[in-house]
Engineer: 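The structure follows.
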Amino acid sequence: MARLVIVSNRTAAPRDRGARAGGLAVGLREALARRGGLWFGWSGDICQENPPAPRIQEAGNIQFATIPLTQADHDDFYVRYANATLWPLCHYRLGLIEFSRSAYEGYLRVNRLFAERLAPLLRPDDLVWIHDYHFFPLAAALRALGVANRIGFFLHIPLPALEVLTALPRHRRLMSDLCCYDLVGFQTGDDLRAFASYLEREGGGTVDADGRFRAFGREGHAGAFPIGIDTATFVELAEAAVDGPHVQRLRESLAGRRLVIGVDRLDYSKGIPQRMESFQTLLEAHPEHRGRVTYMQIAPISRGEVEQYRALRRDLEGWVGRINGRFGEFDWAPVRYLNKAFPRQVLAGFYRYAAVGLVTPLRDGMNLVAKEYVAAQDPDDPGVLVLSRFAGAARSLPQALVVNPFDVEEVGDAIHMALTMPREERRARWNEMMAELRGNTIQSWCESFVARLAAGDTGRQAA
Ligand code: ADQ
């Protein structure tokens, strides 16, 4: 069996604390352990000058190879182009895009650096699987160095519609580089359709019904591979946590009130201010919930070096203050707002205790919190998921209360409906969602992508 090589910006290397020990990291690690493999990425460190050869660490049959970046490379590649250009673009926030040629040059430069450092570590029959928007051009950079391995790419975030994508300066270069991959994976059929319509309209290309694409003189396959979670483990974590000390303290602190929970990285794509406004609408339109429901929003700070993220934080602090000031009582704060991360087992217990999971991103590739919330529920008395139609997860979990997050009144009503939904209906909806989560896990996602990559039958250059 061919060795698997994974590339992502952050790795799960023993000393790299950047990657959360979340379901994705666990799933990829398992996939590497099955075949033996290599995980390549940024170490999380800044170096003074041109980075040295990768640092190699071993854990069982997995090797981790990481390199540091210079401050200039990190800023251009990660802070500016990846997170201030591509991230807002792919989340339909054209007004937030900052584009500069120097940032794009830095992005290409770091992709070339990754290729130069990775190429010597590759064996001829390795399968290479590259992750996410930091690395659209990495296959092209590897090909330029003569690497002939099969190379796959998975985009964790949405690929926007043609009209949005073409707002990006130099979009043709980015997308023709993407076509250097043998297999391009997306979260949903919508993303795949956006890819096809871009190639057809801008790349003079075609995409067949089986996903084979031809464009920019290149040929490969594309497909939708909706990511899942480690469902069985999450169920166990939640069952164990519900009687644990954290849930016990939470229960006591709520003093009989019901819990509505939101858990997100502090990111403008997650729609947290709109969610606050929706909760305010609930309290206005359905006053019977005043004093009886608490909304806890857990949102650890993310990308604090990007100005838009700092502005979001200020905005949210305003929302929490306004709602608590207006509706709060001496013994009840309607909103609890926490800028911190929790271990998975603690989160699992919080999810299980919450009557409502509020997952209302304005755009999201998939959203794993939605799936974790469902997996954590008590089968006898499950909570209700309120889910944005703009999360990829809504495609596989249509039995959630699916809402438009821009319509704060609709979301407020959905929270009310969730809080008052009869147990039978909650169980019926939950059973169907759970069947989906048991059938499509992080493990089956890894396996199906790697099997498709290994089975590939495309040439790289169209004849
Ligand atoms: P993210 O944008 O990071 O991922 P999401 O899919 O929700 O979003 O994954 C977040 C993960 O971090 C979850 O496993 C969650 O439990 C964990 N997490 C969030 N807040 C936490 C907290 N306070 N404490 C501890 N853990 C926390 C990107 C894309 C998504 C896509 C994933 C995977 O933006 O659309 O689903 O990749 O492909």
Side-chain angles (χ1 to χ4, degrees), residues 80-101 103-104 107-108 111 130-140 152-227 267-269 271 308 361-367 388-396 404-406 458 462:
R80 297 173 71 205
Y81 196 75
N83 285 333
T85 307
L86 288 181
W87 181 271
L89 176 87
C90 292
H91 291 89
Y92 288 74
R93 299 297 288 273
L94 290 183
L96 297 182
I97 292 182
E98 292 171 12
F99 180 83
S100 77
R101 289 183 182 179
Y104 185 50
Y107 178 75
L108 294 173
N111 271 271
I130 293 169
H131 288 258
D132 228 359
Y133 59 102
H134 314 87
F135 299 117
F136 276 81
L138 188 49
F153 177 81
F154 184 77
L155 186 65
H156 289 261
I157 65 177
L159 188 77
L162 174 77
E163 292 75 8
V164 173
L165 191 46
T166 49
L168 177 74
R170 305 193 179 186
H171 53 86
R172 286 176 64 85
R173 169 79 192 273
L174 192 83
M175 293 300 285
S176 66
D177 280 349
L178 184 59
C179 291
C180 288
Y181 285 96
D182 296 299
L183 176 61
V184 180
F186 298 103
Q187 296 274 25
T188 68
D190 293 340
D191 304 307
L192 183 58
R193 276 187 287 283
F195 179 66
S197 74
Y198 182 92
L199 294 195
E200 282 157 16
R201 298 271 295 277
E202 293 284 327
T206 56
V207 183
D208 299 349
D210 70 349
R212 176 186 286 262
F213 66 80
R214 292 181 183 82
F216 301 108
R218 304 197 173 96
E219 194 173 322
H221 273 93
F225 298 85
I227 193 169
D267 193 292
Y268 51 77
S269 66
Q308 277 108 12
L362 305 181
R363 265 311 144 172
D364 219 328
M366 177 57 61
N367 196 299
S388 164
R389 59 173 294 166
F390 301 120
R395 298 280 163 202
S396 39
N404 174 356
F406 295 96
T458 60

Engineer: Check R212 with E219, please: is the shortest side-chain N to carboxylate O separation under 4.0 Å?
Structural biologist: yes
Engineer: If you take all heavy atoms of T188 and R395, which pair is closest and at what distance?
Structural biologist: CG2-CG, 4.2 Å
Engineer: Rounded to the nearest 0.5 Å, what separation is found between the OH atom of Y133 and the OG1 atom of T85?
Structural biologist: 11.0 Å
Engineer: From D267 CG over to R363 CZ, what is the distance, rounded to the nearest 0.5 angstrom?
Structural biologist: 14.5 Å
Engineer: Hey, what do you get for CZ (F99) to CG (L86), rounding to the nearest 0.5 Å?
Structural biologist: 9.5 Å
Engineer: Specify whether F154 and H156 have parallel, tilted or perpendicular ring planes, treating 30° as the upper limit for parallel and 60° as the lower limit for perpendicular.
Structural biologist: perpendicular
Engineer: For S269, does its backbone N or O pair with a side-chain atom of R93 as donor and acceptor, under 3.5 Å?
Structural biologist: no
Engineer: Is a side-chain N or O of D208 found less than 3.5 angstrom from the main chain of D210, in a donor-acceptor match?
Structural biologist: no
Engineer: Quick one: which residue pairs count as a salt bridge (Lys or Arg N to Asp or Glu O under 4.0 Å) with a foot in residues 154-171, not counting sequence neighbours?
Structural biologist: E105-R170
Engineer: Mind running side chain to side chain contact (heavy atoms under 4.5 Å, CB included) on Y198 and T166 for me, showing each step along the way?
Structural biologist: CA-CA 9 Å; Y198 182 92; T166 49; 4.1 Å; yes
Engineer: Could you list the residues that satisfy salt bridge (charged side-chain N to carboxylate O under 4.0 Å, His left out) with D191, not counting sequence neighbours?
Structural biologist: none
Engineer: Go through F195 and F213 one step at a time and tell me if the ring pair (Phe, Tyr, Trp, His ring centres under 6.0 Å) criterion holds.
Structural biologist: CA-CA 10 Å; F195 179 66; F213 66 80; 5.4 Å; yes
Engineer: Which atom pair, heavy atoms only, marks the closest approach of P158 to G365?
Structural biologist: CD-N, 3.6 Å
Engineer: In Å, rounded to the nearest 0.5 Å, how long is the span from OH of Y268 to NE2 of H91?
Structural biologist: 8.0 Å
Engineer: Look at the side chain of S388 and the backbone N and O of P361, then say whether any donor-acceptor pair between them is shorter than 3.5 Å.
Structural biologist: yes
Engineer: For P160 and A194, work out which heavy atoms get closest and say how close.
Structural biologist: O-CB, 3.5 Å
Engineer: Show your reasoning for whether side chain to side chain contact (heavy atoms under 4.5 Å, CB included) applies to Q187 and I227.
Structural biologist: CA-CA 7 Å; Q187 296 274 25; I227 193 169; 3.3 Å; yes
Engineer: Looking only at heavy atoms, which two atoms of L89 and L94 are closest? And how far apart?
Structural biologist: CD1-CD2, 4.0 Å
Engineer: Can you confirm whether D177 sits close enough to F216 that some side-chain heavy atom of one is under 4.5 Å from a side-chain heavy atom of the other?
Structural biologist: no
Engineer: L165 vs M175, test: side chain to side chain contact (heavy atoms under 4.5 Å, CB included). Steps then yes/no.
Structural biologist: CA-CA 10 Å; L165 191 46; M175 293 300 285; 4.0 Å; yes
Engineer: Where do L174 and Y107 land on the side chain to side chain contact (heavy atoms under 4.5 Å, CB included) test, with the steps shown first?
Structural biologist: CA-CA 11 Å; L174 192 83; Y107 178 75; 4.0 Å; yes
Engineer: In Å, rounded to the nearest 0.5 Å, how long is the span from CZ of F153 to CZ of F186?
Structural biologist: 7.5 Å
Engineer: Checking Y92 side chain against L362 main chain: does a donor-acceptor pair fall under 3.5 Å?
Structural biologist: no
Engineer: At their closest point, which heavy atom of V207 faces which heavy atom of E200, and how far apart are they?
Structural biologist: N-OE2, 3.8 Å
Engineer: Would you name the heavy atoms of L192 and G223 that are closest together and state the gap between them?
Structural biologist: CD1-N, 3.9 Å
Engineer: With distance as the sole test, does R218 use its side chain to make a donor-acceptor pair with the main-chain N or O of S176 at under 3.5 Å?
Structural biologist: yes
Engineer: Calculate, to the nearest 0.5 Å, the distance between atoms CG and OH belonging to N111 and Y81 respectively.
Structural biologist: 10.5 Å
Engineer: Would you indicate whether the side-chain heavy atoms of H171 and E202 approach each other to under 4.5 Å?
Structural biologist: yes
